[in-house]
Structure formats: C-alpha cells, structure tokens
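Accompanying notes for the structure given below.
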Amino acid sequence: MTKANAAQLPRADRFTAFTTAWAPRIESALDALLPREDEAPAELHRAMRHAMFPGGKRLRPLCALVAAEVSGGDPARALVAASSLELVHTYSLVHDDLPCMDDDALRRGRPTCHVAFGEATALLAGDALLTLAFGAVASAGPDAVSSLALAAGSRGMVGGQVGDLAAEDRPGAVTLDELQWIHDRKTGALITASFEVGLFAGGGRREALEPLRRYGRALGRAFQVVDDILDVTSTAAELGKAAQKDAARGKATYPGLLGLVESRRIAEALATEAVALAPVICAAAGGAGVDSRRGLLEDLAQRCVARKT
Ligand code: GRG
C-alpha cells in the first residue's frame, strides 16, 4: 500500500488495509524460506509445512512490518526478517502442543503436528523451524539477531513457558504480578521483539526504538489477556484450537484471577496505553505521513483487543 492510498482510508481501516497488502507477501516469503516437501528428509519438511500452512493471524511478522513502516523504514526490506518471527512463533506452538507440554490435538483448525506426524518428528520440526528463523533474521544484522535470541530464549519465551508450567503445580496460589511476569515472557517478549526486528530490518530511525518497545510491551500484554478471555468465551471451532482448556489444566489466567469483566477492562486499558504511544513513536521517527502511521498503530492496538480468534 502506498502512503497516498493509506492517507485516503478511514483511520479504522488502516491495519486491515496494511494486512491485505502485506499478508500475501508474508506467505510467499515463508513459502520460499521453508524447504520443499519433496526435499529429503521429506517427512520432516512435510511436518514443518503442516505447522506453517495454512497459518494463523501472522500477527508477529505484521507487527515487524508495521514497525518498519512507522519508524520511517522500508517494510519490503524487512520481509525476510519479519518472517523469522513467524518461524519462531510456529515452532513454539508445535512444542507447546506436545504431550509433555499442553498436550493439544487441534491447532489452526487442523490436527497438531505431533498428532499428524508423531512426537519425534514434531519435536524435530519445531527445532528446524527455530534454526531456520535464525538463518532468516541474520539478513537484518546483529541487532536483529540479538533481539530475537533474547526474546526466544530462557530470559524470554522459553523462560515464560517454564513459569507457566510451574504455575500449574500451584493452582490458586499465583499472584497477578507472577502472572504478568509469565505473560511478559511467554507472549510479550516475541511480540516486543517483532517491533525491534522490524525497525532494524527496515532501516527505521533508532529514535523510535524505545517508544516502539513500550508499545510492543503493552500490546503483548493486551494480546495475552485477550487470549485468556477467548479461552473462556469461545469455542474450539471458532478458535481453531482447544477452548476452555486453561481452567481444566489449573492454569493461572486473568479471568481466573479477576473475572471476565475486569479482564476485559484491563485489556482495553493496555490498548489505550499502546495507542497513547503512537504519536510519540511517529514524532520520534519524524518524516511525512504522520497521521497515516499513527492511525496504523492505533488500529493495530484496537484490533488486538477486539479480535475474536
Ligand atoms: C523449547 C521444549 C520447548 C518448548 C517451548 C516456547 C514454548 C515451548 C511455548 C511458547 C509459549 C506459547 C505457545 C505461548 C502462547 C502465546 C500465544 C498467545 C499463542 C497464540 O498466538 P496467536 O493467537 O496464534 O497469534 P496464531 O495461530 O494466530 O498464529
């Protein structure tokens, strides 16, 4: 989408229009990155593709491309690095679904990777997706690689997953602060890194980095609170994954601790916090098209809380 086109759209449509323009390019970039199904070892490559296509919302690569755009960089330059975020995210879903973790049979409306290919192949498909991600993000340079490594590792997503599993052993005893600690790592770290990687890869203005990080943290928190809410209020058919699973596993969640109404209020407050950062990010990035870029960030935040899947 050109800046001229974006400026003519009603503000609430900007993230939708951005997604319409970029989602097919994300699919093509992922398709080009993944080995073909007939390349040996074919079973492993089939499993990787099963996990990756058809995808989900592709939120993390879209966040990276939004970051490139709003920081004054070039989203096209960021496309391969943006795809690395989806590779890491999809690996985490494959491993998260394994019997030793959440033990789920449905993901993105299809049998989970281990149900379709067996546990060993699913484990290795996750490993291979993670490794592929680092090859892809390398195109954006050392800052992007460091950002992704920190977010994906024991100080980020994997650390959050450990906290999440440990919390299952003491249902009812997890505090709100502990829950936020888990969410910030399990979900928030990769979402925040998406904005960092997008700025680095797209060649955006470094002045926008810190406010974009703060935006990413608020968005990541809002996203996981909504995930907790949807687990209670939606069906598996709507989500394409198991529903009503958190309570059954004794997981600590926002609705479990605070109820649905208060959880919804918190998600909206977090989106408002992110929206308030939009003008700060655009001012730090400088350049033309501020209204359009601000609208893109505002709409992305609002879409994350209004989402149904
Ligand atoms: C290293 C053995 C090993 C396991 C790692 C890191 C990990 C397991 C799990 C990550 C934790 C995780 C899956 C967090 C949940 C985050 C979340 C809200 C996932 C759903 O994301 P969406 O809604 O999914 O963006 P789609 O399908 O749309 O991409």
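The first residue in the sequence is number 1, and the count goes up from there.
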Note: P75 and L65 closest approach over all heavy atoms is O-CD2, 3.3 Å

Residue pairs meeting salt bridge (Lys or Arg N to Asp or Glu O under 4.0 Å), one or both in residues 70-85, sequence neighbours left out, come to none

Judged by atom type as modelled, is there a donor-acceptor pair below 3.5 Å linking the side chain of R217 to the main-chain atoms of G188? no

Which pairs would a plain distance check flag for residues 117-138, meaning a side-chain donor or acceptor within less than 3.5 Å of a matching protein atom at least two apart in sequence or in another chain?
| from | atom 1 | to | atom 2 | distance (Å) |
| --- | --- | --- | --- | --- |
| T131 | OG1 | D127 | O | 2.7 |

Under the salt bridge (Lys or Arg N to Asp or Glu O under 4.0 Å) definition, can you give me all pairs with a residue in residues 135-161, not counting sequence neighbours? D143-R206

Identify whether W22 and I191 are in the same connected component of the hydrophobic contact network (ILVMFWY, side-chain heavy atoms under 4.5 Å). yes

Who passes ring-ring contact (aromatic ring centres under 6.0 Å, His included) against Y254, sequence neighbours left out? H183

Looking at OH of Y215 and SG of C63, how far apart are the two atoms once the value is rounded to the nearest 0.5 Å? 7.0 Å

Taking salt bridge (Lys or Arg N to Asp or Glu O under 4.0 Å) as the cut-off, I'd like each qualifying pair that reaches into residues 189-201, sequence neighbours left out, listed once. E196-R213

Between R14 and D299, does any side-chain N to carboxylate O distance fall below 4.0 Å? no

Between R265 and E268, does any NZ, NE, NH1 or NH2 come within less than 4.0 Å of an OD or OE carboxylate oxygen? no

Minimal non-hydrogen separation, L209 against F200, with atom names: CD2-CZ, 3.9 Å

CG on D104 to CG on D96, rounded to 0.5 Å: 7.0 Å

Spell out, yes or no, whether V66 and L270 are grouped together once hydrophobic residues are joined by side-chain heavy atoms under 4.5 Å, including indirect joins. no

Atom pair CG/CZ of L219 and R303 - distance to nearest 0.5 Å: 12.0 Å

Using the rule that two of Ile, Leu, Val, Met, Phe, Trp, Tyr join whenever any of their side-chain heavy atoms come within less than 4.5 Å, decide whether L212 and V145 are in one cluster. yes

Work out which heavy atom in L258 is nearest to a heavy atom in S263; give both atom names and the distance. CB-OG, 4.4 Å

Please report the interatomic distance CD(Q180) to CG(L257), rounded to the nearest 0.5 Å. 11.0 Å

Partner residues of D184 under the salt bridge (charged side-chain N to carboxylate O under 4.0 Å, His left out) criterion, sequence neighbours left out: R221

Would you please name every residue forming a ring-ring contact (aromatic ring centres under 6.0 Å, His included) with H45, sequence neighbours left out? none

Which donor-acceptor pairs under 3.5 Å do the side chains of residues 36-43 make with protein atoms, sequence neighbours left out?
| from | atom 1 | to | atom 2 | distance (Å) |
| --- | --- | --- | --- | --- |
| R36 | NH2 | D31 | OD1 | 3.2 |
| E43 | OE1 | R46 | NH2 | 3.1 |

Grouping ILVMFWY residues whenever side-chain heavy atoms fall under 4.5 Å, the cluster of V305 otherwise contains V226, L230, L239

Could you give the side-chain donor-acceptor pairs of residues 51-59 under 3.5 Å, partners two or more places apart or in another chain?
| from | atom 1 | to | atom 2 | distance (Å) |
| --- | --- | --- | --- | --- |
| K57 | NZ | T309 | O | 3.4 |
| R58 | NE | E27 | OE2 | 2.7 |
| R58 | NH1 | M52 | O | 3.3 |
| R58 | NH1 | E86 | OE2 | 3.0 |
| R58 | NH2 | E27 | OE1 | 2.9 |
| R58 | NH2 | M52 | O | 2.8 |

Listed partners of S92 passing side chain to side chain donor-acceptor pair (under 3.5 Å), at least two apart: none

Which residue pairs pass the salt bridge (Lys or Arg N to Asp or Glu O under 4.0 Å) test with at least one member in residues 225-236, sequence neighbours excluded? D227-K241, D227-R307

Between L296 and R293, is any pair of side-chain heavy atoms under 4.5 Å apart? no

Which atom names give the shortest non-hydrogen contact between V115 and A105, and what distance separates them? CG2-CA, 4.0 Å

Between V197 and A144, what is the shortest heavy-atom contact and its length? CG2-O, 3.8 Å

Side-chain (T90) to main-chain (L87) donor-acceptor, under 3.5 angstrom: no

Decide yes or no for L85 and L190: does some side-chain heavy atom of the first lie under 4.5 Å from some side-chain heavy atom of the second? yes

Run D103 and D97 through side chain to side chain contact (heavy atoms under 4.5 Å, CB included) and show every step you take. CA-CA 5 Å; D103 192 11; D97 289 337; over 6 Å; no

Give a yes or no on whether the backbone of A285 and the side-chain of R205 come within a donor-acceptor separation of less than 3.5 Å. yes

Sub-3.5 Å donor-acceptor pair from the side chain of S84 to the main-chain atoms of V80, do we have one? no

If hydrophobic clusters are built by linking Ile, Leu, Val, Met, Phe, Trp and Tyr wherever their side-chain heavy atoms come under 4.5 Å apart, do L30 and Y91 end up in the same one? yes

Backbone N or O of S234 within a donor-acceptor pair of the Q244 side chain at under 3.5 Å? yes

Looking at SG of C113 and CZ of R108, how far apart are the two atoms once the value is rounded to the nearest 0.5 Å? 11.0 Å

Are M48 and L93 linked, directly or through intermediate hydrophobic residues, by side-chain heavy-atom contacts shorter than 4.5 Å (ILVMFWY only)? no

Could you grab the distance from atom CZ of R49 to atom CG of L44, nearest 0.5 Å is fine? 12.0 Å

All heavy atoms of E273 vs all of A218, minimum pair found to be OE2-CB, 3.9 Å

Ion pair check, K308 and E238, cut-off under 4.0 Å: no

Below 4.5 Å, heavy atoms only, C-beta onward: do T112 and V94 meet side chain to side chain? no

Output yes when R214 and E210 qualify as a salt bridge under the 4.0 Å nitrogen-oxygen rule, no when they do not. no

Charged N to carboxylate O under 4.0 angstrom, K251 versus D164? yes

